[in-house]
Amino acid sequence: TRATKVLSALDIPTETGKVIPGVYDGAWGGSGETIESRCPSTGELLATVSTATPKELQDAISKSRDAYKQFRFMPAPRRGEVVRQIREALADKRDELGALVSLEMGKIYSEGQGEVQEFVDICDYAVGLSRMMNGRVISSERPGHSILEVPNPLGVVGVLSAFNFPVAVYGWNLALSMAAGNATLWKPAPSTPLCSVAVTKIVAKVLEKNGIPGAVAGLVCGGKAAGEAVVGSSEIDMVSFTGSEAIGKVVGKAVQDRFGKVLLELGGNNAVIVMPDADLSLALPSVLFSSVGTAGQRCTSTRRLYLHRSIASEFLERLQKAYKTVRMGDPLTKGTLLGPLHNEGAVGVYKQAIEAIKSSGGEIVVGGNTDMTELLPSELHQGHFVQPTIAIPKSPSTSQDIWRNETFAPVLNVAVFDELDEAIEWNNAVPQGLSSSLWTRDIRNIGKWLGPGGSDAGIVNVNVGTSGAEIGAAFGGNKSTGWGRESGGDAWKQYVRWSACTVNFSNEVPLAQGVNFDT
Ligand code: NAD
């Protein structure tokens, strides 16, 4: 089968009935419960993967700690050279790994490849960073003294990741964490274990070639229990969590409870505002991609569309037409733009959202169906396909759950506004604060949007959709999205331990602030 082909190209054993080891701490193993990886498009069982027993998990954590104690002494530019080799190894397998993302997560091939490319890009970034993770020298008020701010490796970074970016989210973390001199231990989503096994094999080979302990990039497949063990372990200095707001809240509190560091990348509820002066022919494909792309399963997917009254009906009409042209089907087939939802649970969430809109008096403008059998070939009838949906809830009031909650499926809620201020208020009136986008050609609108009274999100775009960020800027959101920042910008500064070091080169020991303590 094509799954066998993809898996064997990625060095994953494919014999029927064989359990694939899902734990790596320098050696592959895991004798705990097994988890199943299923293809969301066909329902086919791709493979069974092992997880760690609680004891094996603690061992993996300890091995990560030992690995860190060794790895931290490697100079940063040399660590960067290792990241560069990982980049090369990933680029070599971009197509195979991209195909595995499509098979296991369900996104289309071009997006699967894009995800691997994102990992490659962040490696490039981290290679450069490895020569400029600079501290500072601060002038001291005391003669003959210097103050240095010094970044040192932090320790072990535990990465808990979501199903929807089964490669890139780990990539963002690993590249920075490794350049910073840490060991990283990955607990991926339980439904995408194969992507994490494939990535870890690629990384492990490079580490081995360089004589670096494998536990510098360890892996523990598993679900909630494995996540909780990582969260609770005092041997893990920082937990970088990507997932839902509900779990993020639990994780954030638990890590805080032991005074660990936590980085949260949680749900989004992202709005696009279209002004009357916008170039609608540009806004249209962009809104289409952001709302339908990845079947609405990006944290940055557009969930709310605010249209100015003067262009609302024209824009909506054109958008409906565009929705109907989106080709649904197998994510690996050329020309497919819309794959399935990831699992049956997500289909349930989609159905509930449609029901809530209808029962509260809202209108489904297009979509709303989950029975796709007539539109799809028989081999996809077990897949989790749903129709991308545009809805007009009865009221734009953001006190309604329909507007306030992130529905992780292709449901776009639309409302009409009269003044930009009103639309900005709606944009900001939800708990989440990840991504946002304004379409306008009027510089005054842009100034308002980017300024103190503008969007309160972590990502504030102009004439660019809500999804599809590049790695160069810090990525993340405010409010219930968790305030975390990953990838570019100053994100690397969280992966190190900072010390303020005052050094006295003089023959006196003066006190700061002129304090006198003469005896
Ligand atoms: P999820 O919250 O269900 O799971 C995330 C991870 O947490 C998984 O690895 C899971 O096994 C683990 N986990 C579950 N319970 C746990 C517990 N009690 N303690 C520790 N770990 C636990 O999320 P999901 O459904 O996989 O992903 C979808 C969500 O992720 C969406 O809300 C989406 O917006 C969000 N997301 C956010 C970003 C971002 O950068 N802001 C990126 C991607 C996805």
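Ligands are counted one by one from 1 in listed order, and the atoms in each one are counted from 1 as well. These figures come from a predicted structure and were not determined experimentally.
- At under 3.5 Å, a nitrogen or oxygen of Glu406, whether backbone or side chain, sits near a nitrogen or oxygen of ligand 1.
- By the 4.0 Å heavy-atom criterion, Thr242 is counted among the residues contacting ligand 1.
- Taking only nitrogen or oxygen atoms, main chain and side chain alike, Leu266 reaches within less than 3.5 Å of ligand 1.
- Judged by the 6.0 Å and 45° rule, Lys63 forms no cation-pi pair with Tyr68.
- With respect to the salt-bridge test (charged N to carboxylate O, under 4.0 angstrom), the residues Lys107 and Glu115 qualify.
- Ring orientation note: the planes of Phe163 and His342 are close to parallel, at an angle under 30° on the 30°/60° scale.
- For a threshold of 3.5 Å applied to N or O pairs, the pair formed by Asn164 and ligand 1 contains no separation below that value.
- The side-chain contact (heavy atoms from CB on, under 4.5 Å) search around Val127 returns Val83, Arg84, not counting sequence neighbours.
- Every residue two or more places apart in sequence or in another chain that forms a side-chain contact (heavy atoms from CB on, under 4.5 Å) with Thr370 is listed here: Val347, Tyr350, Lys351, Val386.
- When only interatomic distances are considered, the shortest N/O to N/O separation between Phe163 and ligand 1 falls below 3.5 Å.
- Crowding of Gln382 atom CD: a count of heavy atoms from other residues, nucleotides or ligands under 6.0 Å not exceeding 12.
- Just one residue in the list Asn270, Leu266, Thr466 forms a side-chain contact (heavy atoms from CB on, under 4.5 Å) with Leu434, and that residue is Asn270.
- Of the protein's heavy atoms, Phe241 CE1, 3.1 Å lies nearest to atom 7 (O) of ligand 1.
- Contact annotation: for Val169 versus ligand 1, there are no heavy atoms closer than 4.0 Å.
- Looking at Glu265 next to ligand 1, an N or O pair under 3.5 Å apart turns up.
- Using a 4.0 Å cut-off between heavy atoms, Pro188 contacts ligand 1 through its backbone alone, with no side-chain atom that close.
- Test Asn173, Asn182, Asp237 against Tyr495 for side-chain hydrogen bond (donor to acceptor under 3.5 Å, both in side chains) and you get one pass: Asn173.
- The protein heavy-atom contact nearest to atom 8 (C) of ligand 1 is Ser161 O, 3.3 Å.
- Distances shorter than 4.0 angstrom do not occur between any heavy atom of Gly476 and any atom of ligand 1.
- Closest heavy-atom approach to atom 3 (O) of ligand 1 among the candidates Ser244, Ala225, Gly484: Ser244.
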